[in-house]
Amino acid sequence: MLSQKDLFKSAVLNAVNQFKIENKIDCPEIDEKLVRVENPPRPEMGDLGSPMFPFAKMFRMAPPAIAASVAQSLKKSAENDASLASLGEFDAAGPYVNIKLNKAASASGILASIVSQGENYGSFDSAGKKPLEGQRIMVEFSSPNTNKPLHLGHLRNDALGESVSRILKKAGAEVFKVDLINNRGIHICKSMLAYKLFHEAKNETPESLGMKGDHFVGQCYVEFDKYSKEHPEAVQQAEEMLVKWEQGDKEVRGLWQKMNSWTLDGLKETYKRTGIVFDKFYFESDTYLKGKDEILKGLEKGVFFKAPDGSVRIDVTDVVGKGKDEDSHEKVLLRKDGTSVYITQDIGTAISRHNDWPFNQLVYVVASEQNYHFKILFHILKKLGFGWTEKLFHLSYGLVNLPSGRMKSREGTVVDADDLIDSLHAQALKAIEERGRDNSVGNPDEVAEKVALAALDYYLLNVAPVKDMLFNPEESLSFNGNTGPYLQYMGARIASILRKAKEQGLEPSSSVEDFSLLTAESEWALIKDLERFPSIVQKSAETLDPSGMASYLYDVSKSFSAFYRDCPIVGTASENERLAKARLALAQCTLSVLKSGMDLVLVPYLERM
Ligand code: ARG
C-alpha cells in the first residue's frame, strides 16, 4: 500500500511536470528524486510539505511563484479527481507546496498498516522494501584488552555497537557481530609480571580471593604501574616477557593462558548482564601472525621499508603530511626486536574477517582517540592491494565521563562498568521501594536491574556518537524526563490501560472504519508520530546513529501522554463504543511501536512498573 507521503509526492511530481509543459519550459522530464517531502515545522502549515527550490534554476522562476502555481493546479485537479481530493487540501506557503492530509483516511491507512505488519512494522520503506535487504554488515564492538575490566567507555561502545546492529537488522541487513579480544602485547605482560611478584607464591586466584577474574587481573595491572615507578627496570622485564611469549615460551604461555581466561570469564559475565551478544570472538593471539606475514610480504613488495634501527615501517606522509619530527610521518609495524604492534594484528584480523564472512561493510565501533589509527590501517590495507578497503568504516565516538572528572585506569581511578551498574541498580531499587511499588511490580530486584540498564543505555545512546558526553546517573534514572525509565513507564502504563479495558470487556478495534474516527488533534499528532517510525529506522541505519531513534521514542511517549489526557477511553465507551475501541487500537499500536523501538535502543520493556 502506498503511504500518504508517496501519494503526495507523486501528485506534486505530476503537477510540476504539468507546469513545465504548460509554460513550455525547455528541460528534460523532472526526476522524481528532486521532489522532496518534509514535515512542516508547525502543524497549522500542513502535515507534509515539498520545497520548490530544486526547480528554480531550470524554470528561471522564484520558488514561491512556482509553489503558488503548483498548489493552484493541484487544487484544480482535485476538483475532478476524487482520489486526489480524498488525500487532503493543498496549499502554498512561501516556497513550499503543503498538504493538510485528510485525517480520517490517513488515520485508517496508518493504523491498518501497523496492525497488519505487527512486529515487522518499521522495517519497510515507502516502496515496501527493506532498505538494507541483501547487505551483509559486520559490526565490531567492545573489543577490550585483557589486562583490565570494562569501564564506562566500553559501556558506551557496547550500547552503540549492539543498538546499531539491531537497527541495521531491522532495516533488513544481515548482521554479524564480532568482538576483538586484544589478549596479546605488552599490557598483558605487565599484569603477568605483577602476578608473579605479588600473588604467585601465595597461589592466589580470583576464586580464592572471591573476585571477578577481570577485576583481579586489572588489579595486577595497577600494581605493576605502582611498582614500575620505583623499579623502572620492570618495564624492560615486561618487554622481555613479550619476546618470550612470541617465541612460545612454555611457562610464559601457561601463565598468559590462565590469566586471560580469568579476564574473559569476567568480561563475559558483564556482557551477559548487559544483554550484549556476539556471533564471534576474534583473538589477537590468533591473527597477529597473519598480520606479521602480510607485513613481510609488503616489505618484499616495497610497500614498507626497513629503518636503520631494524624496525619495519611505512611512510604515511600521504595520510598525515610531513610532521615536525624527523620520523613522525613514519609508522612502525614491526618493532626492532621483531615483535608486532597493535596495528599489525588489525591487518591480520581484517583479512581473516573478509575471508570468514565476506561483507558489504565492516563497521568498527571504536573511540575517537583512535581516529588516526584507523586512517592508517585503511591506508595500509589499500596499499597492500585489498579491493574491499572501501567497505571499512570507523564509527568513531566521543569520550564519556562522570561529572566528577575523567577516568584514568592506570591510576586505578577508572569508572568500573560493573560497579556503575551495581550503583544504578541500588538506586533504582530504592526508587521502587520509595514509591511503594515493590509489591506490584513482581520481582523488585529483576525490575530494578532492567530499570538500571534502561537508564544507562538510553542516556548513552541519546547523544550523537561523535559528541563527548557526561553520564549523569541521577538524571538517567529520572522517571519523568527524557530517559529510559520514562519510556519503560509509558510502556507499562499503556499495558495497564489495555489490561484494565479488557477486564471491562473492551477490546481494541480492528476495523478500518473505526480507525477513521480518530481525528481529534492529539489523536492525529500521535498517529503522525507512529507513521514516522519506518523513516526513523531507515535514517538511523544509514547514519549509524541511534540518537534519532531515542528522541523519536521520547516524542511518541509524550504524544501518547497528551492523547491519553485529552481522549478518555473507557470513559467514552458507553456513549460511543466504536470510538473507545478505536482509541484502544491506537494505544495498542503505540505500544507495539514503542516496544520495537525500545528494543532497538536497548531499553527493556516492562509489563508492570
Ligand atoms: N582493544 C583496543 C583498546 O582497548 C581497541 C580495539 C579496537 N578495535 C580494533 N580493531 N583495533 O584500545
Side-chain angles (χ1 to χ4, degrees), residues 137-162 164-165 176-191 214 217-218 221 260 263-264 266-268 270-271 276 278-288 290-292 294-295 331-333 340-357 359 361-381 386 388-389 391-400 406-410 414-417 465 544:
I137 306 181
M138 187 181 275
V139 183
E140 185 216 277
F141 62 103
S142 202
S143 302
N145 295 341
T146 50
N147 60 321
K148 20 180 171 169
L150 301 179
H151 56 66
L152 177 53
H154 288 110
L155 291 175
R156 187 174 191 192
N157 184 316
D158 291 358
L160 265 175
E162 181 68 33
V164 160
S165 298
F176 196 74
K177 298 186 285 179
V178 301
D179 189 358
L180 169 69
I181 307 291
N182 286 117
N183 61 352
R184 180 216 73 92
I186 192 74
H187 48 296
I188 320 291
C189 294
K190 290 179 178 174
S191 288
D214 51 337
V217 176
Y221 189 72
N260 264 326
T263 307
L264 215 59
L267 296 175
K268 285 185 176 167
T270 307
Y271 290 144
I276 303 293
F278 293 100
D279 295 302
K280 188 177 165 96
F281 288 91
Y282 279 89
F283 295 94
E284 176 172 353
S285 56
D286 295 336
T287 54
Y288 84 104
K290 181 158 188 64
K292 245 180 167 175
E294 294 296 329
I295 305 280
K331 170 82 191 152
V332 174
L333 302 173
S340 65
V341 294
Y342 174 49
I343 203 164
T344 320
Q345 57 82 28
D346 250 329
I347 294 166
T349 311
I351 299 167
S352 301
R353 284 175 179 168
H354 194 263
N355 289 338
D356 293 348
W357 199 81
F359 45 73
Q361 199 181 25
L362 166 53
V363 179
Y364 290 93
V365 183
V366 183
S368 56
E369 289 163 331
Q370 298 196 26
N371 287 353
Y372 176 76
H373 170 81
F374 282 97
K375 253 194 192 161
I376 306 262
L377 174 64
F378 299 166
H379 174 76
I380 293 175
L381 287 164
F386 293 102
W388 39 264
T389 316
K391 301 175 181 171
L392 307 177
F393 181 75
H394 174 204
L395 174 52
S396 169
Y397 63 89
L399 286 175
V400 49
R406 186 166 177 189
M407 37 189 199
K408 282 212 177 65
S409 68
R410 305 241 164 142
V414 62
V415 181
D416 179 80
L544 301 173

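Counting convention: from 1, in listed order, for ligands and their atoms alike. Just so we're clear, the structure is a prediction, and the values are computed from it rather than from any experiment.
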Applying side chain to side chain donor-acceptor pair (under 3.5 Å) to Tyr271 and not counting sequence neighbours gives Ser142, Asp179
Measure centre to centre between the rings of Phe374 and Phe393, then say whether the value is under 6.0 Å. no
Fit a plane to each ring of His354 and Phe359, take the angle between them on a 0 to 90° scale, and name the class: parallel (under 30°), tilted (30 to 60°) or perpendicular (over 60°). perpendicular
Output all residues satisfying side chain to side chain donor-acceptor pair (under 3.5 Å) with Arg156, sequence neighbours left out; order by chain, then residue number. none
Who passes side chain to side chain donor-acceptor pair (under 3.5 Å) against Lys290, sequence neighbours left out? none
Using a strict 4.0 Å threshold on nitrogen-to-oxygen distance, state whether Glu140 and Lys177 make a salt bridge. no
Protein residues that have a heavy atom under 4.0 Å from any atom of ligand 1, sorted by chain and number: Glu140, Ser143, Pro144, Asn145, Leu180, Asn182, Tyr342, Asp346, Tyr364, Val366, Gln370, His373, Phe374
